[in-house]
Amino acid sequence: VVTEAANGGAACPALEDTQACNEQPCAIADVDCVAAAWSAWSTCSALCGGGRQHRTRSVVTPSEGAGAACTPLYRARDCNTLSCPDGGGGAGGGGATGRATGA
C-alpha cells in the first residue's frame, strides 16, 4: 500500500490471496528393503551331540510401495553334531569349536 485510505476513501483490496494446491496424495516410490550385514554366528548351544547356532540382521531401510521386502532376518544352523564321547547330550553351550574341557 502506497497511500492509506483517508477522508472517506475506499480501503485497499486484499493484498494476499491463498489458494489450495497439490491436494492429491503423494505417490509412494517403490523402495526395496535394505538389510544390515549379518551378525556373527552365536555360540553353539551344545559341546557335542548336536546344537544350534543363529545369526540375525536388522533392517536399515524398510521397503515402501511395491519394493522388495528384506528376507530373511534370522538364520539358524546345526553345529557340533558329532556324538559326545560319554554318550551324554553335551548341553550347556560351549565354544563354537565343540571342544570339551577335561574334568
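What you are looking at is a predicted structure, and each value in this text was computed from that prediction instead of being measured. Atoms considered below: every heavy atom in the structure, side chains included; atoms not considered: hydrogens, waters and symmetry mates.
Counting non-hydrogen atoms of other residues, nucleotides and ligands closer than 6.0 Å to CD of Gln24 gives a total above 12.
Side chain of Ser58 to backbone of Ala36: no donor-acceptor contact under 3.5 angstrom is found.
Nearest heavy-atom pair, Trp41 versus Arg55, reported as atom, atom and distance to 0.1 Å: CZ2-NE, 3.3 Å. For Val59 against Cys33, the heavy-atom pair with the smallest separation is CG1-SG, 3.8 Å. Residues Gly50 and Ala46 share a closest heavy-atom pair of O-CB, 3.5 Å. Nearest heavy-atom pair, Ala35 versus Leu73, reported as atom, atom and distance to 0.1 Å: CB-CD2, 4.5 Å. Minimum interatomic distance between Asp30 and Ala66 (heavy atoms only, all atoms of both residues): OD1-N, 2.8 Å. Across all non-hydrogen atoms, the minimal contact from Cys44 to Gly51 is SG-CA, 3.9 Å.
Arg75 CZ to Thr56 OG1: the interatomic distance, rounded to the nearest 0.5 Å, is 11.5 Å. Note: Ser45 OG to Arg52 CZ = 8.5 Å, rounded to the nearest 0.5 Å.
Looking only at side-chain heavy atoms (C-beta outward), Glu4 and Cys12 stay at 4.5 Å or farther from each other.
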